[in-house]
Amino acid sequence: MRESIASRGYTTKQVIRDVPVSDSGEIMSPLIQGILTIIIGVGGCVAYFYLSNLFLDKVLFPARGANIGRNINRANAIRPWLFLFPAFAALSLYLAYPVVETLRLSLQDRDQANAFVGLANYQQMLNEPKFWEALKNNMLWLLVVPAASTALGLLIAQLTDRLSWGNIAKSIIFMPMAISFVGAAVIWKLVYEARPEGTEQIGVLNAIYIYFGGTEPNVWLTIPFWNNFFLMVVLIWIQTGFAMVILSAALRGIPEETVEAAVVDGANPFQIFFKIKVPQITSTIVVVWTTITITVLKVFDIVFAMTNGQWETQVLANYMFDKLFRANDWGVGSAAAMIIMLLVSPILVWNVINARREMR
Amino acid sequence: MQSIAAKRSALSWVVNFSVIAIVLVWLFPTTGLFVSSFRTADQITSSGWWSSLTTQEKQNAPIRIGGEETEADGLFVIEGRLFEAEDVLVRAWGTSSRRPNEFAPGDTTELTKDRTLTVQEDGSYRFTAAVSQEGERLPRVFTSASTPPEFTTDNYETMLFDEGSSDSMGKAFMNTFIVTIPATVIPILFAAFAAYALAWMQFPGRAILIAAVVALLVVPLQLALIPLLKFHNQIGIGKGYLGIWFAHTGFGLPLAIYLLRNYMVSLPKDIIENARVDGATDFQIFTRIILPLSFPALASFAIFQFLWVWNDLLVARVFLIDSSGQTTVMTNHIVELLGTRGGNWEILATAAFVSIVVPLCVFFFMQKYLVRGLLAGSVK
């Protein structure tokens with residue numbers, strides 16, 4: 001095994017990395033593990049639902065005998081919980097419990113044997129300039145990205161509405177939604193690429209800049225403050241498609257009569273758009289806006305892959321990742337996560353209120 | 001009346017043109033990456049990808065002639081070609097850096113020491129000398145030539161199939177699949193049962209549970225990282241496939257339940273009540289009626305979850321990737337390449353394109369369900 005690796009031209013580092021690997025089945029084993037997990041997961045799930053229902057109906061509360069009516073009622077009262085149990089157990093463990101646990105961790109210091117330290121972690125975080133930089137940048141992202149994506153999405157939705165080839169245009173603009181943030185980061189890094197002065201520019205932004213009389217190429221991602229916008233463009237590029245799809249459906253849903261009435265009254269296209277159509281889809285615009293806002297608050301991959309928070313581009317999610325896995329400071333990391341949670345919570349409350357109102 | 005019609009068509013022209021412009025702007029960055037992945041490293045660094053699509057007139061770096069010397073008619077002759085590629089056409093050439101375009105193709109120039117050089121339009125040259133040039137430095141040729149577009153699939157061959165290369169994506173590609181498939185399949189069943197209960201069964205506390213799902217939809221998964229990593233370490237699964245499947249299942253459930261419940265609620269009530277009257281149990285109603293009818297919603301969620309897991313970096317870095325280097329996924333591999341191979345665009349472009357081609361296929365073939373899911377999940 002070892003010789004064969006060496007003879008294939010592996011570097012020393014890789015040979016060292018490869019040595020613990022026991023046999024050639026290494027690549028296959030996770031695959032088999034995966035198939036097994038699907039079978040166990042799906043099979044187990046089906047078996048759980050089937051058997052627990054069977055148990056409920058045949059053994060615990062059989063629909064026969066003296067108490068048949070009472071038994072059926074009892075079985076039906078319990079059944080919903082059988083259906084709900086796996087999903088809600090997973091939800092509680094993987095989403096609800098971590099919120100509480102993170103809050104607890106943010107009040108502890110790992111270096112002092114998890115002693116309760118009150119708000120010391122938050123205090124330490126507030127004294128770090130990097131945190132304020134992250135918070136400031138996040139606010140900038142929050143201002144720019146949802147507004148730009150929603151506005152562009154609305155504009156494109158309106159423009160493509162009556163177009164014969166509108167669907168093709170829409171699907172192209174929607175396409176970046178399928179691309180990972182990391183993939184998008186690579187795509188845009190090529191756009192921002194800078195070559196030394198005097199050589200041919202291979203990044204399109206610098207090529208345009210030089211073409212229009214710029215003297216020396218800019219390394220765009222290292223220009224403080226403005227580099228934030230170059231990163232935001234990536235997310236806007238991705239999210240506009242999402243906004244467009246939803247707003248386009250909302251525009252289609254506007255009653256024809258309102259538009260026709262405006263046309264008859266002599267309104268021009270701009271008036272129709274701003275005074276007739278937009279007011280009727282305000283609630284959808286708000287939904288799109290808030291959805292993108294949540295995405296922005298969690299934005300991590302783009303910054304991580306393109307600048308990793310250097311050159312004053314830090315954002316909260318990346319700051320938190322830094323604290324957790326580089327500085328190994330769980331207290332401050334958790335505190336940063338709680339700040340993200342705090343920023344999300346108004347939207348959370350608003351969503352819940354809306355959902356409850358709809359159900360009535 | 002005519003003026004209104006004229007205005008109309010003018011407006012429609014403006015609309016058409018602006019949409020074309022927007023579409024081109026949107027496509028441009030991705031196209032750049034795609035085109036770059038078919039170019040060699042030299043091509044990428046010497047010119048912008050947009051110029052590779054058309055025949056380019058450009059000044060080449062000087063090429064030193066060389067080759068076998070033959071003796072004919074008392075002259076020592078060296079013949080050869082300047083360019084390997086077939087279709088390069090020489091527009092002008094020279095032998096000094098001060099006058100690189102001194103001669104036209106076909107011209108013969110007299111060099112020092114009774115030597116001559118002729119360069120033809122197709123890049124072939126003929127060099128003659130009165131004495132043998134053995135061990136002498138032969139002259140350099142400056143050319144300005146037009147080069148037709150030229151592409152290669154070598155990058156893909158190296159990135160996908162070259163086992164020995166540390167840049168190879170083969171393993172990461174495989175791992176991404178291993179992570180994605182179970183993480184997409186498992187949450188669906190969990191969610192479907194719960195969604196059915198929330199949509200069609202009566203029990204106290206239902207409204208609160210639905211509200212809880214809506215609330216959990218927006219909880220940032222950043223909060224879950226440390227507590228769950230601690231939890232996974234405690235129960236002994238640590239970092240690994242099992243951990244990441246569980247994590248993605250948990251994180252995907254709120255959307256799954258929400259989408260499926262919204263869809264199931266909209267199914268006609270009569271079908272379900274008729275089935276109840278006929279004596280079907282809830283379990284039968286669910287498996288025989290609801291599940292088949294909910295296929296569009298299931299497909300929507302499956303696509304969302306597939307795209308999300310495939311494209312994820314954060315969860316993979318926290319729950320899967322350890323120091324062994326065996327468990328990398330494509331997004332992580334690309335981030336590492338960005339660090340180590342920052343300027344090697346042929347590698348980066350190919351790696352990125354390999355990773356986005358699968359989601360793009362899913363996207364274009366299943367767009368209908370994706371859009372439907374988006375609408376169900378948001379416009380409410």
Side-chain angles (χ1 to χ4, degrees), chain A residues 8-9 17 30-31 33-34 37-38 41-42 45 49 53 79-80 83-84 86-87 90-91 94-95 98-99 101-102 159-160 169 172-173 178-180 182-183 186-188 190-191 200 202 207 245-246 249 284 287 291 294 298 300-301 305 317 320 330 337 340-341 344 347-348 351-352 355-356, chain B residues 15 18-19 22-23 26-27 29-30 32-33 47-48 164 166 178 182 185-186 189-191 193-194 197 201 203 211 214-216 218-220 222-224 226-228 241 245 249-250 253 257 282-283 307 311 313-314 325 331 334-335 338 348 352 355-356 359-360 363 367 371 374-375 378-379:
Chain A
R8 267 191 274 142
R17 264 205 270 144
L31 189 68
Q33 206 186 339
T37 310
I38 294 181
V42 173
C45 206
F49 286 114
N53 268 284
R79 199 181 331 274
F83 276 52
L84 290 170
L91 275 183
Y94 275 86
L95 283 169
V99 176
E101 176 70 4
T102 303
L159 289 179
T160 51
I172 288 171
I173 290 171
I179 296 176
S180 62
V182 174
V186 176
I187 288 175
W188 282 88
L190 181 61
V191 171
E200 193 151 349
I202 64 166
V245 164
I246 291 178
T284 313
V287 169
T291 312
I294 291 167
K298 300 185 208 167
F300 160 77
D301 314 32
M320 187 212 132
W330 288 15
I340 302 177
M341 184 68 208
V344 172
I347 299 174
L348 185 151
N351 274 0
V352 170
R356 301 208 58 144
Chain B
V15 167
S18 32
V19 174
I22 294 170
V23 165
W26 241 254
L27 263 183
T30 322
L33 195 80
S47 65
S166 64
I178 295 171
V185 174
I186 296 171
L189 260 182
F190 273 44
F193 276 97
M201 291 165 108
F203 57 94
V214 173
L216 291 176
V218 298
V219 168
Q222 267 89 0
L223 271 83
I226 306 180
L228 290 181
Y241 289 106
W245 291 326
T249 301
L253 272 176
I257 298 176
D282 273 312
F283 189 78
L307 290 180
N311 290 337
L313 171 69
L314 183 59
T331 45
I334 293 170
V335 169
L338 272 173
L348 285 174
S355 89
I356 63 183
L360 280 185
F363 172 83
Q367 203 177 4
V371 169
L374 269 186
L375 294 176
S378 302
V379 188

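A note on names: the letters A, B, ... follow the listed sequences, proteins ahead of strands, and every chain is numbered from 1. Model, not experiment: these values are computed from the prediction.
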Here the gap from L228(B) atom CG to L223(B) atom CG, rounded to the nearest 0.5 Å, amounts to 10.5 Å

Okay, A352(B) and chain A: the region with an atom under 4.5 Å from a heavy atom over there is side chain

Minimal heavy-atom distance between V218(B) and N351(A), with the atoms involved, is CG1-ND2, 3.7 Å

Okay, I294(A) and chain B: the region with an atom under 4.5 Å from a heavy atom over there is side chain

Bottom line for N53(A): the part with an atom under 4.5 Å from chain B's heavy atoms is side chain

- Item | Pairwise side-chain contact, I246(A) with T291(A), heavy-atom cut-off 4.5 Å (strictly under) | no

Bottom line for Q367(B): the part with an atom under 4.5 Å from chain A's heavy atoms is side chain

Greatest number of non-hydrogen atom pairs under 4.5 angstrom with chain A, of L27(B), I22(B), V23(B), falls to V23(B)

So CD1 of I186(B) and OG1 of T249(B): to nearest 0.5 Å the spacing works out to 5.0 Å

All heavy atoms of A87(A) vs all of A194(B), minimum pair found to be CB-CB, 3.6 Å

Looking only at I334(B), T331(B), I226(B), the option with the highest number of non-hydrogen pairs under 4.5 Å against chain A is I226(B)

Okay, M320(A) and chain B: the region with an atom under 4.5 Å from a heavy atom over there is side chain

Among L348(B), V19(B), V15(B), the residue with the most heavy-atom pairs under 4.5 Å to chain A is V19(B)

- Message: Counting C-beta onward and ignoring hydrogens, is there a side-chain heavy-atom pair between V219(B) and L348(A) closer than 4.5 Å?
- Response: yes

Cut-off 4.5 Å, heavy atoms of chain B, and the answer for W188(A) is side chain

Okay, T30(B) and chain A: the region with an atom under 4.5 Å from a heavy atom over there is both

Applying a strict 4.5 Å limit to non-hydrogen atoms, the region of F49(A) in contact with chain B is both

Smallest heavy-atom separation, L91(A) atom then G250(B) atom, equals CD2-O, 4.1 Å

On a heavy-atom basis, the closest approach of A317(A) and Q222(B) is CB-NE2, 3.2 Å

Parallel, tilted or perpendicular, as decided by the 30° and 60° cut-offs, for the rings of F193(B) and F283(B):
parallel

If you tally heavy-atom pairs under 4.5 Å between each of I347(A), I172(A), V99(A), I179(A) and chain B, the highest tally belongs to I179(A)

Of the listed P359(B), S18(B), A197(B), A215(B), the one with the largest count of heavy-atom pairs under 4.5 Å with chain A is A215(B)

The interface call for V245(A) against chain B, heavy-atom contacts under 4.5 Å, is both

Smallest heavy-atom separation, L360(B) atom then A178(A) atom, equals CD2-CB, 4.2 Å

Note: L253(B) and A90(A) closest approach over all heavy atoms is CD1-CB, 3.5 Å

The interface call for I257(B) against chain A, heavy-atom contacts under 4.5 Å, is side chain

The interface call for L338(B) against chain A, heavy-atom contacts under 4.5 Å, is side chain

Checked T160(A), V191(A), I173(A) vs chain B; the most non-hydrogen pairs under 4.5 Å come from I173(A)

